[in-house]
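Scope of the values below: all heavy atoms of this structure, side chains included, with no hydrogens, waters or symmetry mates.
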Amino acid sequence: MFIEPIRPIKGIGEISDLQKSSNSKEKNELLFKSIFEGALNNYVDAEAQVDEDIYKLSVGESDDLHNLMINTKKAEMSLDLVIQLRNKALDAYNEIMRMGV
């Protein structure tokens with residue numbers, strides 16, 4: 001049985017250096033942008049799949065109502081995520097605008 005030795009807690013200097021390197025404005029903007037774009041692309045893809053399933057069902061090419069309902073729920077949840085992301089971004093913007101300088 002091997003017991004792992006106790007490691008010391010990082011010093012304050014090391015923590016502040018870590019925050020400086022990972023807390024860049026550009027990196028945060030790209031992170032939010034990529035999350036928002038990913039959520040929006042997921043919604044567009046899910047909605048396109050639902051449209052295709054509805055078309056196939058209406059012309060008689062498919063009788064798979066089960067997958068249509070699953071894809072409809074996926075599209076609905078994707079839209080809810082996009083709306084929540086938008087609401088959080090607007091809340092953050094409004095909070096920044098209320099800050100005193």
For the pair Ile70 and Lys73, evaluate side chain to side chain contact (heavy atoms under 4.5 Å, CB included) and give the outcome as yes or no after the intermediate values. CA-CA 5 Å; Ile70 290 172; Lys73 194 62 175 174; 5.9 Å; no
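Applying the side chain to side chain donor-acceptor pair (under 3.5 Å) criterion to Glu37, with sequence neighbours excluded, gives no partner residue. Scanning for side chain to side chain contact (heavy atoms under 4.5 Å, CB included) contacts around Asp63 gives an empty result, with sequence neighbours left out.
Ile83 and Leu90 are assigned to two separate hydrophobic clusters, defined by single-linkage of ILVMFWY side chains at heavy-atom distances under 4.5 Å. The hydrophobic cluster containing Ile35 also contains Leu79, counting ILVMFWY residues as joined when their side-chain heavy atoms lie under 4.5 angstrom apart, directly or transitively. Hydrophobic clustering of Ile, Leu, Val, Met, Phe, Trp and Tyr side chains at less than 4.5 Å, counting indirect connections, unites Val82 with Phe32.
Counting only heavy atoms from C-beta outward, the side chains of Glu76 and Asp80 approach each other to under 4.5 Å.
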Side-chain donor/acceptor pairs under 3.5 Å, residues 43-54, sequence neighbours excluded:
| residue | atom | partner | partner atom | Å |
| --- | --- | --- | --- | --- |
| Gln49 | NE2 | Asp53 | OD1 | 3.0 |
| Glu52 | OE2 | Lys56 | NZ | 3.2 |
| Asp53 | OD2 | Asn71 | ND2 | 2.5 |

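In this structure, a donor-acceptor pair under 3.5 Å is absent between the side chains of Asn94 and Asp91.
Leu85 and Ala39 get closest at one heavy-atom pair: CD1-CB, 3.7 Å.
In this structure, Phe36 CZ and Arg86 CZ are separated by 8.5 Å, a value rounded to the nearest 0.5 Å.
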